[in-house]
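Please read the structure below before turning to the comments.
Position 1 is the first residue of the sequence; numbering continues from there. Worth knowing before you read on, the calculation uses all heavy atoms, side chains too, and leaves out hydrogens, waters and symmetry mates. Both ligands and their constituent atoms are indexed starting at 1 by order of listing. A quick note: this is a predicted structure, and the numbers were derived from the prediction, not measured.
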Amino acid sequence: MAANKNLLILPGDGIGPEVMRQVRRVVDWMDKRRAVRFDVQEDLVGGAAIDAHGVPIADQTMDKAMNADAVLLGAVGGPKWDNLEFAKKPERGLLRLRKEMQLFANLRPAICFPALADASTLKRELVEGLDIMIVRELTGGVYFGEPRGITELPDGQRRGVNTQVYTTNEIRRVARVAFELARKRQKRVTSCEKANVMESGVLWREEVQKLHDEEYRDVELQHMYADNAAMQLVRAPKQFDVIVTDNLFGDILSDEAAMLTGSLGMLPSASLGDIDETGRRKALYEPVHGSAPDIAGRNLANPIATLLSFAMSLRYSFDMGEEADLIEKAVQQVLDTGIRTADIMQKGAAKVSTTTMGDSILMALDRMSA
Ligand code: NAD
């Protein structure tokens, strides 16, 4: 079958290489059992790149990322590099990728597998079967707006300033991502801002509504103040399908939604850029968790967040929804049989290593394709 599906894998630091090894096994499985071949390149990022090249991501690695169909990243950072100055820290590698690839839309699904519903702090009936997608604007808003800074006032006080700025185009392009996703889901978008107290929120609401009326009338659009959305997420999270919001509110709402589902080891993410003239969209996929230095190198890490990130790349970069479904179903089956890594361990379940979790998921994939 056709090749040229360019995947750049950046395992990074800590548990990154351990969980990524399980992804490589699934990539090989796709090749053998589904005749889907990826051109996989692997390279360094974060502390590993600092050790090898003196920088958190080398220029040649950046070039590979810019030319890949999808980049899959493990995690960066660890105590070894904690004392470096800010500009040289492992995290700068990740920030450079996000910035130069212009990844403006951050997708954070919050899915609650029934087998893990009891790990949530909410009641089982509120979260069982939960499947929401939060789309956060990632390159604009108050984290980047000018003017910013801390100044001294004549009376000796200090004044801290950040500026919330959004333009029409910034709002429309992220809203478009949300509407397109909703079309493949339950066709419902909730757009969140604070239009009651912020002009940038008024603009956000107006532009999202305009885009909806022009191009996405088949999708149901609801506007909600971000503080109400925060409440609704813990009151009745299943009312949502796709949530789209700005950088600041998205930061908070996506972490809140993540906690509905239980464990950090289960959460994937995607960050998308614009579609270029060849029809390709730059994209970076990564688990939400970090490099977990406390368990690194011990074969204890949960590889599911990274495997589900790979599944997202199949769905959103390679148009392979069927294969993405297969991976998600395999994960669900393995969880249903009571197999757990330590982070999601429950009474009566079988505690397994990173490698054995990988084995179990491959066996489930085999069973489904038999
Ligand atoms: P962390 O996500 O690495 O770990 C938090 C806790 O969750 C730890 O107890 C860890 O053992 C556990 N955990 C995380 N992922 C797990 C998995 N897959 N399986 C089982 N348990 C898992 O966050 P932290 O401890 O705050 O940060 C550790 C390092 O990671 C720091 O250097 C930090 O800067 C970096 N970090 C990187 C990223 C990233 O690469 N995107 C994100 C967050 C933190």
### Message
Tell me whether Arg136 forms a cation-pi arrangement with Phe249, defined as NZ or CZ under 6.0 Å from the six-membered ring centre and within 45 degrees of its axis.
### Response
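So Arg136 doesn't make the cation-pi contact.
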### Query
Hey, does Ala301 sit under 4.0 Å from ligand 1 if you only count heavy atoms?
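Yes.
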Go through ligand 1 atom by atom and flag the ones less than 4.0 Å from a non-hydrogen atom of [X].
X	answer
Gly265	17 (C), 18 (N)
Ile15	15 (N), 16 (C), 17 (C), 18 (N)
Glu286	41 (N)
Ala75	40 (O)
Gly77	32 (O)
Gly78	32 (O)

In the protein, what heavy atom is nearest to [atom], and what distance, to one decimal place, separates them?
atom	result
atom 9 (O) of ligand 1	Asp294 OD2, 2.8 Å
atom 35 (C) of ligand 1	Val76 O, 3.2 Å
atom 19 (N) of ligand 1	Asn302 N, 2.9 Å
atom 25 (O) of ligand 1	Pro293 CD, 4.7 Å
atom 29 (C) of ligand 1	Ser291 OG, 3.2 Å
atom 42 (C) of ligand 1	Gly290 CA, 3.5 Å
atom 3 (O) of ligand 1	Ala292 N, 2.8 Å
atom 33 (C) of ligand 1	Glu91 OE2, 3.8 Å

### Message
Given Leu300, Leu264, Ile295, identify the one with the heavy atom nearest to atom 22 (C) of ligand 1.
### Response
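The nearest heavy atom belongs to Ile295.
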### Task
For a salt bridge (Lys or Arg N to Asp or Glu O under 4.0 Å) with Asp241, tell me which candidate from Arg185, Arg188, Lys184 qualifies.
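Result: among Arg185, Arg188, Lys184, Arg185 is the only option passing the salt bridge (Lys or Arg N to Asp or Glu O under 4.0 Å) with Asp241.
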### Query
What part of Thr341, side chain, backbone, both or neither, has a heavy atom within less than 4.0 angstrom of ligand 1?
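No part of Thr341 is near ligand 1 at this cut-off.
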### Message
Residue-level breakdown please: for Leu73 versus ligand 1, do any non-hydrogen atoms fall below 4.0 Å on the side chain, on the backbone, on both, or on neither?
### Response
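For Leu73, there is no contact with ligand 1 at all, from either part.
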#### Entry: Aromatic ring pairing Tyr166/Trp204, orientation class (parallel under 30°, perpendicular over 60°, tilted between)
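Taking Trp204 first and then Tyr166, their aromatic rings stand perpendicular (interplane angle over 60°).
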In terms of side-chain geometry, is the basic nitrogen of [X] or [Y] positioned less than 4.0 Å from the acidic oxygen of its partner?
X	Y	answer
Arg172	Glu214	yes
Arg176	Glu215	yes
Glu323	Arg315	no
Arg98	Glu286	yes
Asp359	Arg25	yes
Arg281	Asp276	no
Lys210	Glu207	yes

### Query
How about atom 27 (O) of ligand 1: does it have a protein heavy atom within less than 4.0 Å?
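Answer no: nothing from the protein, no heavy atom, is under 4.0 Å.
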#### Entry: Aromatic contact, Phe38 with Phe318 (centres under 6.0 Å)
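Yes.
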### Query
Minimum heavy-atom separation for Arg148 to Tyr143, with atom names?
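Arg148 and Tyr143 have their closest heavy atoms at NH1-O, 2.6 Å.
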